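Remember, it's a predicted structure, so these values are computed and weren't measured experimentally.
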Amino acid sequence: MLPDWLLPFLHVLRRAYPDGLPERDYLPLLAVMSEDFSERGLARLVAEFMDGEVVVVENDAAAALSTRRPLPAEVERVRAHLIATGYEPDE
């Protein structure tokens with residue numbers, strides 16, 4: 001169960017990806033959202049959205065920021081998509 005403060009972000013993900021998260025957007029999404037969330041908060045949020053395991057998402061998020069970095073253009077594409085559906089990155 002997600003804490004209440006994460007629920008608005010879960011709703012943004014559901015609006016942004018009503019048919020589920022495409023595989024090509026997974027690592028860019030983690031890279032974008034890692035700027036605004038703790039590792040644990042991000043993992044809980046994305047695991048809830050994807051019906052996944054928190055520890056797997058945590059590991060993938062770490063990889064998205066180090067060994068498996070998505071291309072900057074992919075990160076920006078996903079960022080723009082999220083913003084268009086109501087995501088407000090922390091400035």
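Leu45 is not connected to Val55 by any chain of hydrophobic side-chain contacts under 4.5 Å among Ile, Leu, Val, Met, Phe, Trp and Tyr, and they are in different clusters. Neither Tyr26 nor Leu65 shares a network with the other; the hydrophobic side chains, linked directly or stepwise wherever heavy atoms of I, L, V, M, F, W or Y lie under 4.5 Å apart, form separate groups for each. Cluster annotation: Phe37 and Leu7 are assigned to the same hydrophobic cluster (Ile/Leu/Val/Met/Phe/Trp/Tyr, side-chain heavy-atom contacts under 4.5 Å, transitive).
Scanning all heavy atoms of the two residues, the minimum distance from Gly20 to Pro22 falls at O-CD, 3.3 Å. For the residue pair Ala64 and Pro70, the shortest heavy atom distance occurs at O-CD, 3.3 Å.
Phe9 places none of its side-chain heavy atoms less than 4.5 Å from the side chain of Leu2. Using a 4.5 Å cut-off on side-chain heavy atoms (C-beta onward), Asp25 and Arg77 make contact.
Here the straight-line distance linking atom CG of Asp36 with atom CG of Leu82 works out to 10.0 Å at 0.5 Å rounding. Note: Tyr87 OH to His81 NE2 = 13.5 Å, rounded to the nearest 0.5 Å. Put simply, CG on Leu30 and CG on Asn59 are 11.0 Å apart, with the number rounded to the nearest 0.5 Å. Note that the CG atom of Leu42 and the CD atom of Glu35 stand 11.0 Å from one another [nearest 0.5 Å].
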I would like to know whether Thr85 and Leu13 meet side chain to side chain contact (heavy atoms under 4.5 Å, CB included); could you show each step before the answer? CA-CA 8 Å; Thr85 58; Leu13 289 177; over 6 Å; no
In a table with atom names and distances, give each donor-acceptor pair under 3.5 Å that connects a side chain of residues 46-54 to protein atoms at least two apart or in another chain.
none

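Arg44 places a side-chain N or O within 3.5 Å of a backbone atom of Met1 that can act as its donor or acceptor partner.
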